[in-house]
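Read through the structure below, which is laid out as structure tokens, and then see the notes.
Lettering of chains follows the sequences in order, A, B, ..., and the numbering in each one begins at 1. Predicted, not measured: the structure shown is a model, and the values here were computed from it.
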Number of protein chains: 2
Amino acid sequence: MSRVKSEPGPVPRPTRDRLITATVEQFRLGGYHGTGIKSILTAAPAPYGSLYHFFPGGKEELAAAAIHTSGQAYRDLVDLSFPPGADPVEATRSFFDGAAEVLAGTDWIDGCPLARVALETAQDSEPLRQAALEAFESWLDVLTVRLDEVGVSAESARVLAVQLFCLIEGAFLLARVARDREALSDAGDGAAELVAAALAARPKKISSSI
Amino acid sequence: MSRVKSEPGPVPRPTRDRLITATVEQFRLGGYHGTGIKSILTAAPAPYGSLYHFFPGGKEELAAAAIHTSGQAYRDLVDLSFPPGADPVEATRSFFDGAAEVLAGTDWIDGCPLARVALETAQDSEPLRQAALEAFESWLDVLTVRLDEVGVSAESARVLAVQLFCLIEGAFLLARVARDREALSDAGDGAAELVAAALAARPKKISSSI
DNA sequence: GTCTATAGAAGGATAGAC
DNA sequence: GTCTATCCTTCTATAGAC
């Protein structure tokens, strides 16, 4: 009986995962410099010893893991928001609308999960700059592939993906500071317009009306 | 002789101004949480007493003044970059190109002077959020007026101004993290495209060709 | 692997002389 | 207005028992 897992129950999340999750959550509210290690350990919860056991590099190494995790989660969101076969103009509009809904519904907190930390650390920590860059590039890759699939040429797809990224990130910034959806609404209009223009310019297979 | 200013020489900048200037400079490198009061006092230079004499509200009040000053400086830059009478498409392209030049020439530091501090403080300090918002709005106002002057309708001018803001801010973020001009180049293309489209749709006075 | 205690530095703010 | 000394908190990191 002693070695048997009677009543399996929920598997407790390992300490390492709890630390990363807690860091993601704390960064969401306080960013890198605004988040203390103690608050992460309290939120995990985990003791000091575990942190430096799993992350010998301390706060910086833990932050890199948190950035990686946040980046993957948001990449998955982008992936789901631009499903293969969907109308890219509609998907773009929906993405900006959904982002506005989430942001407004979280007291203007949940915009880009990485922008703040990236701006805080890009100059001072090469590992963290690389982690953020890898995350951003993964989002751009998803977008580029999806746009390519609907007929936008390879080079144009990448350019368009970068433009959509810039529009959403800038809109997150302004919307958070203004506590207003206007920026996301206007940026969404611009994004949809750019996508539509790229589609209109694509090498026609059946060609559009007019 | 004692009361006469013989050899006027350069007027020493008052302590209050030096504090603000030093804060602007330190925020440029370390942001709000990454900048200590002591480093500001060292850079000014100024003693503790002067800081709390001119800014009884401490770091927060000093930061508000620094945000205001940075905001005015960048508004002036936008103002100069979109001179009345100039082709707005050309001005837009030049602005993004110039921004890329400055950013690359400062080791990817001098992008938006407020984005990082704004993201750091918008949630936690209402005075600082307001200061950043006021600065952003002043930039948008300049752009809106300029676009209106070339015939873009009032509502469209504001929307377009917001779109240009989002594109440049998002591009600053990505370019700083990637240490690459691509984002500013692509965003500049998108911005020029949106401006051109708005001009083509404007209530014609002489009407374009075709 | 987990935990506590503490070191050592840096943070913002204040007191009080001048 | 200017200056220095100092308080108290918070920060990251480490030591060493278990």
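Residue order along DNA chain D, read from the 5' end via each residue's closest nucleotide, puts P45(B) first among P45(B) and H33(A).
If you check dT2(C), dG12(C), dT14(D) against the side chain of Y52(A), the one that comes closest is dT14(D). Considering only side-chain atoms of K59(B), the nucleotide from dG12(C), dT2(D), dT2(C) that sits closest is dG12(C). Distances were taken from every side-chain heavy atom of H53(A) (C-beta onward) to each of dG1(D), dG1(C), dC11(D); the shortest belongs to dG1(C).
The CG-P distance, from L51(B) to dA5(D), rounds to 18 Å in whole Å. For the pair I37(B) CD1 and dA5(D) C1', the computed distance is 16 Å after rounding to whole Å. Across the protein-nucleic acid pair, I40(B) atom CD1 and dG11(C) atom P stand 10 Å apart, rounded to whole Å. For the pair F55(B) CZ and dT2(D) C1', the computed distance is 15 Å after rounding to whole Å. When rounded to the nearest whole Å, the span between CD of E61(A) and C1' of dT12(D) equals 15 Å. Atom NZ of K38(B) is separated from atom P of dA9(C) by 12 Å (rounded to the nearest Å). At whole-Å resolution of the value, CD in Q26(B) and P in dG12(C) are 11 Å apart.
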*Go through the steps to decide whether D79(A) and R146(A) satisfy the test salt bridge (charged side-chain N to carboxylate O under 4.0 Å, His left out), and finish with yes or no.*
CA-CA 9 Å; D79(A) 200 29; R146(A) 290 287 181 269; 2.8 Å; yes
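Note on S39(A): nothing from the nucleic acid sits closer than 4.0 angstrom, heavy atoms only. Across all strands shown, F54(A) has heavy atoms under 4.0 Å from sugar-phosphate atoms exclusively, and none from any base. Residue G49(B) is classed as a base contact, given a heavy-atom separation below 4.0 Å to a base.
Within the structure, side chain to side chain donor-acceptor pair (under 3.5 Å) contacts touching residues 104-119 of chain A (residues at least two apart or in different chains) are R28(A)-D110(A), D107(A)-R179(A).
The minimum heavy-atom distance linking P88(B) with F82(B) is given by the pair O-CE2, 4.3 Å.
Note on T15(B): a side-chain N or O is less than 4.0 Å away from OP1 or OP2 of dT2(D). Note on S50(A): a side-chain N or O is less than 4.0 Å away from OP1 or OP2 of dT2(C).
Between R13(B) and T21(B), the side chains place a donor N or O and an acceptor N or O closer than 3.5 Å (distance only, hydrogens not considered). At a cut-off of 3.5 Å, with distance as the only test, a side-chain donor of Q130(B) or E126(B) sits close to an acceptor on the other residue.
Between the side chain of Y48(B) and the base of dA5(D), no donor-acceptor pair under 3.5 Å is found.
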